[in-house]
Engineer: 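Quick one: the structure is below, questions incoming.
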Amino acid sequence: MSRTDLSVFKFGGASVKNAEAIRNVVSIIKNNQLGNLVIVVSAIGKYTNALEEVVKTHARGEDGRSLLQKVQSEHYQICLELFGESHQIYDQLNDIFVEADWVLDEPPHESYDYMYDQIVSVGELASSRILNAFLQKNEVGTSWLDARDIVKTDNLYREAWVEWEATDAAAKEKVLPLLEKQLIPVTQGFIGSSSENFTTTLGREGSDYTAAIFSYCLDAKEMVIWKDVPGVLTADPRKFDQVTKLDRLSYREAIEMTYYGAKVIHPKTIKPLQNKSIPLLVKSFIDSKGSGTRISGDVEDKYPPMVAIEEDQALLNISTRDFSFVAEHHLSQLFKLIAEHRLQVHMMQNTAISFAVSVSDIDDRVAQLIKAIEKDFLVQVERGLELITIRHYSKEILKSLQANKVVLLEVRLRNTIQMVVKNVPLMVRKNG
Ligand code: ADP
Ligand code: ASP
Ligand code: MG
């Protein structure tokens, strides 16, 4: 098969959030299917969050089963609207949910992350079964494909790394024959499997990445992600007014913005696409005829100011206890520990005897890191901060973003400003 043929479409949770949304997805697929197609789908709506609650509840030794049953019955409800009462989808969903039930039958597993992946993966398994069955009901020739047979990973549960060689071989072996039979594989985002065949996940919001993995391995001509926004905007429309759509964007610009918190695309998505010069289109499932944003290698336009915000930052101020310099050997010791604790560094700065670093405050990782370094260093931490990244900044935009904020750390490069900030409560003057 040549690369002029294949498109990979990724539908996120919002695009399949209820029966009406799933009907809309089917009509998009019917209207856009010009050549070969692979479909990657996320869990319906916000069910990944709901399944995370099941895991947390079970881990506390409480009853996660009733929460799981609620998720299951809400999936059945959507199916009732799409398929009526009698359809094989109910057995298929039963088989998926029963596996999560078995995990809940056991006492909490000693590895939280392992248990998480076995339960949370149910969301994508269920949504892909539903979308696949509904496409078939609408006479689209599809084949449900278990992404765990393709996306091979290590066993770093909740943040698994792709084993590219095995994945590449499996994608070619399992997907190409389906395409040759003119079938559309419908598969899950976000999930994979370890060499011991346990389910793994690629990190929250990882379905975009899955679609890029399939695009890369199958030499797609394009990848399309269907969103509830017209394309990539100059900032998150939930946080800013007067955002505008970018028609074209370079891979470099896209990776910089998404790495620093533009939630519209998972940051890992860009690399595999860039490596094979596969364009990424971000389009709206609400207005599917809209032009969207095209991300590719052949643009280096002038850009308007763009803003990305990463929340839940912790700023660590680390200094030596004996006034010795923070020299290379200290930094390498600190970075080793930061990597071991799986903290994502977003910004850093050092002085003679101190080192400031802003990291994402996930679970209890910051507390664990502090424990590990306290013996050798003095550590101060400030939490609940925001990291603001502005590319192609102007004075006006900088001023407006700094209003009512205290800037704790700031780095300026040629066309990028980054600052770690904290909100200050507005001071209102008393009358009289
Ligand atoms: P999906 O359903 O595919 O998982 P998400 O909800 O994760 O989609 O991502 C889409 C959302 O990303 C949009 O609704 C928007 O609020 C947010 N977003 C954040 N930054 C941007 C940006 N720069 N451009 C467009 N959308 C953005
Ligand atoms: N369902 C997963 C999540 O919500 C993966 C994804 O949607 O991309 O994180
Ligand atoms: Mg998402």
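Count residues from 1 along the sequence. Just so it is clear, the structure is predicted and the values come from calculations on it, not from any experiment.
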Engineer: Can you tell which of Q349, E310, E382, Q313 makes a side chain to side chain donor-acceptor pair (under 3.5 Å) with S358?
Structural biologist: Q313
Engineer: I need the minimum non-hydrogen distance between V381 and A314, along with the two atoms involved.
Structural biologist: CG2-CB, 4.3 Å
Engineer: Could you tell me whether the side chain of M419 reaches within less than 4.5 Å of the side chain of Q402, counting heavy atoms only?
Structural biologist: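 Answer yes - side chains close enough.
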Engineer: Quick one, K172 and D168 - any side-chain contact, counting heavy atoms below 4.5 Å?
Structural biologist: yes
Engineer: Specify the closest pair of heavy atoms between L334 and F377, including all atoms of both residues, with the distance to one decimal.
Structural biologist: CD2-CE1, 3.8 Å
Engineer: For G192 and R148, work out which heavy atoms get closest and say how close.
Structural biologist: O-CG, 3.3 Å
Engineer: Using a 3.5 Å distance criterion without hydrogens, assess whether the side chain of R391 forms a donor-acceptor pair with backbone atoms of A308.
Structural biologist: no
Engineer: Apply side chain to side chain donor-acceptor pair (under 3.5 Å) to Q333 and D376, showing your working.
Structural biologist: CA-CA 10 Å; Q333 180 191 355; D376 300 321; 3.1 Å; yes
Engineer: Using only atom types and a distance under 3.5 Å, with no angle test, would you say the side chain of N423 pairs donor to acceptor with the backbone of K405?
Structural biologist: no
Engineer: Please state whether the rings of H392 and Y303 are parallel, tilted or perpendicular, taking 30° and 60° as the class boundaries.
Structural biologist: tilted
Engineer: For T199, is there any backbone N or O sitting under 3.5 Å from a side-chain donor or acceptor partner on Q118?
Structural biologist: yes
Engineer: For a 4.5 angstrom cut-off between non-hydrogen side-chain atoms, does E410 reach Q418?
Structural biologist: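 Counting from C-beta outward, E410 and Q418 never come under 4.5 Å.
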Engineer: Backbone N or O of I265 within a donor-acceptor pair of the T269 side chain at under 3.5 Å?
Structural biologist: no
Engineer: Measuring from E173:CD to D149:CG, what's the distance to the nearest 0.5 Å?
Structural biologist: 9.5 Å
Engineer: Is it the case that more than 12 heavy atoms not belonging to Q380 sit under 6.0 Å from its CD atom?
Structural biologist: no
Engineer: Is there a salt bridge (charged side-chain N to carboxylate O under 4.0 Å, His left out) between K399 and E396 once you walk through the steps?
Structural biologist: CA-CA 5 Å; K399 206 167 148 212; E396 296 73 43; over 6 Å; no
Engineer: Quick one: does NZ or CZ of K152 land under 6.0 Å from the six-membered ring centre of W161, within 45 degrees of the ring axis?
Structural biologist: no
Engineer: Under 3.5 Å, is there a donor-acceptor pair between the side chain of T293 and the main chain of V232?
Structural biologist: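 Yes, T293 side chain to V232 backbone: donor-acceptor pair under 3.5 Å.
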Engineer: Does the pair L51 and N49 meet the rule for a side chain to side chain contact (heavy atoms under 4.5 Å, CB included), with working shown?
Structural biologist: CA-CA 5 Å; L51 290 163; N49 294 352; over 6 Å; no
Engineer: Determine, stepwise, if the pair D298 / R248 fulfils salt bridge (charged side-chain N to carboxylate O under 4.0 Å, His left out).
Structural biologist: CA-CA 10 Å; D298 50 8; R248 293 164 71 80; 3.7 Å; yes
Engineer: Taking C-beta and beyond as the side chain, do V186 and L145 meet within less than 4.5 Å on heavy atoms?
Structural biologist: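 No - every pair of side-chain heavy atoms lies 4.5 Å or more apart.
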Engineer: Could you go through V264 and K227, starting from their C-alpha distance and side-chain angles, then the distance that decides it, and tell me whether this counts as side chain to side chain contact (heavy atoms under 4.5 Å, CB included)?
Structural biologist: CA-CA 8 Å; V264 64; K227 296 267 167 188; 4.3 Å; yes
Engineer: Please check this pair: side chain of H109 against backbone of S111, looking for a donor-acceptor N/O pair closer than 3.5 Å.
Structural biologist: yes
Engineer: Is there a donor-acceptor pair closer than 3.5 Å between any side-chain N or O of Q136 and the backbone N or O of T142?
Structural biologist: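 Yes: the side chain of Q136 pairs with the backbone of T142.
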Engineer: Could you tell me if the side chain of I150 sits less than 4.5 Å from the side chain of T187, heavy atoms only?
Structural biologist: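 No, every pair of side-chain atoms sits at 4.5 Å or beyond.
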Engineer: Just by distance, do the side chain of N138 and the backbone of V140 share a donor-acceptor pair under 3.5 Å?
Structural biologist: no
Engineer: For residues F355 and F335, establish whether the separation of their ring centroids is below 6.0 Å.
Structural biologist: yes
Engineer: Please check if atom NZ in K239 has more than 12 non-hydrogen atoms from other residues, nucleotides or ligands closer than 6.0 Å.
Structural biologist: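 Check passes, neighbour count above 12.
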Engineer: Say you draw a straight line from CG of D154 to OG of S194; how long is it, rounded to the nearest 0.5 Å?
Structural biologist: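 Reported to 0.5 Å precision, the distance equals 9.0 Å.
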Engineer: Parallel, tilted or perpendicular for H75 and Y47, by the 30°/60° rule?
Structural biologist: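 Ring orientation, 0 to 90° scale: tilted.
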Engineer: Quick test of your reading of the model: are R23 and E20 salt-bridged, counting only N-O distances below 4.0 Å?
Structural biologist: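 Answer for the salt bridge query: no.
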Engineer: Which label fits F11 and W226: parallel for a plane angle under 30°, tilted from 30 to 60°, or perpendicular past 60°?
Structural biologist: parallel
Engineer: Do K276 side-chain atoms and Y216 backbone N/O form a donor-acceptor pair below 3.5 Å?
Structural biologist: yes
Engineer: For residues S127 and V41, report the shortest heavy-atom separation together with the two atoms involved.
Structural biologist: OG-CG1, 3.8 Å
Engineer: Pair R158, D363 - check salt bridge (charged side-chain N to carboxylate O under 4.0 Å, His left out), show working.
Structural biologist: CA-CA 12 Å; R158 278 178 83 185; D363 302 339; 3.5 Å; yes
Engineer: With a 4.5 Å cut-off on side-chain heavy atoms, are E52 and V120 touching?
Structural biologist: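 The answer is yes, as the side chains (C-beta and beyond) meet within the 4.5 Å cut-off.
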Engineer: Looking at E81 and N18, would you say the former's side chain and the latter's main chain have a donor-acceptor pair under 3.5 Å?
Structural biologist: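 No, E81 side chain to N18 backbone: no donor-acceptor pair under 3.5 Å.
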Engineer: Kindly indicate whether the side chain of E256, heavy atoms from C-beta on, has any atom under 4.5 Å from the side chain of T416.
Structural biologist: no
Engineer: Do I225 and S207 come within less than 4.5 Å of each other through their side chains, counting heavy atoms only?
Structural biologist: no
Engineer: Compute the centroid of each ring, for Y114 and then for F198, and state whether the two points are separated by less than 6.0 Å.
Structural biologist: yes
Engineer: So, for R365 and H341, which heavy atoms are closest and what is the spacing to 0.1 Å?
Structural biologist: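 Result for this residue pair: CD-O, 3.3 Å.
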Engineer: Using the side chain to side chain contact (heavy atoms under 4.5 Å, CB included) rule, take V25 and F285 through it: C-alpha gap first, then chi angles, then the decisive distance, then the call.
Structural biologist: CA-CA 7 Å; V25 164; F285 61 77; 5.6 Å; no
Engineer: What is the minimum heavy-atom distance between V151 and F214, and which atoms define it?
Structural biologist: CG2-CE1, 4.0 Å
Engineer: What distance do I39 atom CD1 and N132 atom CG have between them, rounded to the nearest 0.5 Å?
Structural biologist: 8.5 Å
Engineer: With side chain to side chain contact (heavy atoms under 4.5 Å, CB included) as the criterion, how do I213 and L202 come out once you've worked through the C-alpha distance, each side chain's angles and the decisive distance to 0.1 Å?
Structural biologist: CA-CA 11 Å; I213 296 166; L202 306 175; 4.1 Å; yes
Engineer: Testing L315, D361, L316 for side-chain contact (heavy atoms from CB on, under 4.5 Å) with R383, which one passes?
Structural biologist: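 Only one option passes, and that is D361.
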Engineer: Calculate, to the nearest 0.5 Å, the distance between atoms CD1 and OG1 belonging to I119 and T48 respectively.
Structural biologist: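 Reported value, rounded in 0.5 Å steps: 13.0 Å.
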Engineer: Could you tell me the separation between the CD1 atom of I89 and the CZ atom of F134, rounded to the nearest 0.5 Å?
Structural biologist: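 Nearest 0.5 Å value for the CD1-CZ distance: 11.5 Å.
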Engineer: Could you give me the CA-CA distance, side-chain angles and deciding distance for E205 and K268, then say whether salt bridge (charged side-chain N to carboxylate O under 4.0 Å, His left out) is met?
Structural biologist: CA-CA 10 Å; E205 304 293 334; K268 282 189 178 174; over 6 Å; no
Engineer: Assess the residue pair S291 and K245 against the criterion (side chain to side chain donor-acceptor pair (under 3.5 Å)); give the C-alpha distance rounded to whole Å, side-chain angles, the decisive distance to 0.1 Å, and a yes or no.
Structural biologist: CA-CA 10 Å; S291 59; K245 177 175 81 78; 3.1 Å; yes
Engineer: Could you grab the distance from atom CD1 of I191 to atom CG of D117, nearest 0.5 Å is fine?
Structural biologist: 9.5 Å
